[in-house]
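Everything numeric in this text was worked out from a predicted model, so none of it was measured. Letters go in sequence order (proteins before strands), and every chain restarts at 1.
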There are 2 protein chains.
Amino acid sequence: MKSLSDETLSHVAKFLRAMGEPTRLKILRALHDGELTVSEIIARTQATQSNVSKHLTILTMMGILASRKEGTSTYYKIADPNITGICDTVCRSIAEKIRQERSTLNNIRKGVTL
Amino acid sequence: MKSLSDETLSHVAKFLRAMGEPTRLKILRALHDGELTVSEIIARTQATQSNVSKHLTILTMMGILASRKEGTSTYYKIADPNITGICDTVCRSIAEKIRQERSTLNNIRKGVTL
DNA sequence: TCTAAAAATGAGTATATAGGAATATACTCA
DNA sequence: TGAGTATATTCCTATATACTCATTTTTAGA
């Protein structure tokens, strides 16, 4: 962690931003259990075709997703199994953290004092 | 991972974006081993005072950092020890992934064929 | 109280990013 | 080849984000 060059740091940042978008997180979640066609991803994310297509392009350019064509369909999948792990870890940790904060806030709202 | 509400998903995304900025990653890295004053953080990140101050505000509002005042100085530290873990995991994984990709690219450039 | 240091904030600008609508491209099948 | 489907891309707009410079706020100490 100490010896990351500016360039690497910027790559890491870019990577985090690539995952830091709700629709892209939905896409990653949808692809968690295996590959899907664009149409299937559109159906699951409830986003427009154009929008999904762009997000898929971004994720692919970042090396997060990989695609293969079959007929008129394009199948996307998570490129690197490690990604799934990172994604799960981060999402679970953050979601848990947020959950805790929310309950803390709720307690404060309820007038609980320390 | 499956049952994240849209709201939670958006929080997670925000969180990832909060970390997805080079200067903020530098700040997190600088605070890895303990608290520092703003001046010290400025010195280590090589960014301007105003810029660092704003990034510190963002990270604090996201609950990633916590601060305390002492005299004219403000000390910042990583608020949640879990953050350090997440940060380390993500950075190490991604940096490693990038390292691998770079060497792959280098091999391609060198004309290595499969 | 005046001054200096530390940090935060405001104004303004430039760039990045996301989104939609329309269009282009690629492929399949009759 | 022509129609239809799946996906990608282009153009445009709106919003978000990061940055700098200048100013303000807070505190310590002469």
N or O in side chain of B:Arg24 less than 4.0 angstrom from D:dA18 OP1/OP2: yes
Phosphate OP1/OP2 of D:dT17: any B:His55 side-chain N/O under 4.0 Å: no
Would you say [X] and [Y] make side-chain contact, with heavy atoms under 4.5 Å?
X	Y	result
B:Asp80	B:Ile64	no
A:Ile42	A:Asn51	no
B:Ile27	B:Leu65	yes
B:Tyr75	B:Leu36	no
B:Val52	B:Thr45	yes

Salt bridge (charged side-chain N to carboxylate O under 4.0 Å, His left out) between B:Glu21 and A:Arg17, intermediate numbers included: CA-CA 8 Å; B:Glu21 205 283 330; A:Arg17 265 176 296 153; over 6 Å; no
Rounded to whole angstrom units, what separation is found between the [atom1] atom of [X] and the [atom2] atom of [N]?
X	N	atom1	atom2	result
B:Lys26	D:dA18	NZ	C1'	14 Å
A:Ile58	C:dT17	CD1	C1'	8 Å
B:Leu16	D:dA16	CG	C1'	17 Å
A:Leu59	C:dA18	CG	P	10 Å
A:Leu25	C:dA18	CG	C1'	15 Å
B:Glu70	D:dT27	CD	P	13 Å
A:Met19	C:dT17	CE	P	16 Å
A:Arg68	D:dA8	CZ	C1'	18 Å

Protein-nucleotides 3-13 of chain C N/O pairs closer than 3.5 Å?
unit_1 : atom_1 : unit_2  : atom_2 : d
C:dA6  : O3'    : B:Thr72 : O      : 3.3
C:dA7  : OP1    : B:Val38 : N      : 3.2
C:dA7  : OP1    : B:Thr74 : N      : 3.1
C:dA7  : OP2    : B:Ser39 : N      : 2.8
C:dA7  : OP2    : B:Ser39 : OG     : 2.2
C:dA7  : O3'    : B:Thr74 : OG1    : 3.4
C:dA8  : OP1    : B:Tyr76 : OH     : 2.7
C:dA8  : OP2    : B:Ser53 : OG     : 3.1
C:dA8  : N7     : B:Gln49 : NE2    : 2.6
C:dA8  : N6     : B:Gln49 : OE1    : 3.0
C:dT9  : O4     : B:Ser50 : OG     : 3.3
C:dG10 : O6     : B:Lys54 : NZ     : 2.7
C:dA11 : N6     : B:Lys54 : NZ     : 3.1

A:Thr8 versus A:Ser5, side-chain donor and acceptor atoms under 3.5 Å: yes
Verdict with supporting geometry, B:Met62 and B:Met19, side chain to side chain contact (heavy atoms under 4.5 Å, CB included): CA-CA 10 Å; B:Met62 288 301 301; B:Met19 300 210 310; over 6 Å; no
Donor-acceptor contact below 3.5 Å, side chain B:Ser53 vs main chain B:Gln49: no
Intra- and interstrand pairs of DNA chain C - dot-bracket, Watson-Crick/G-U under 3.5 Å, | marks other strand: ||||||||||||||||||||||||||||||
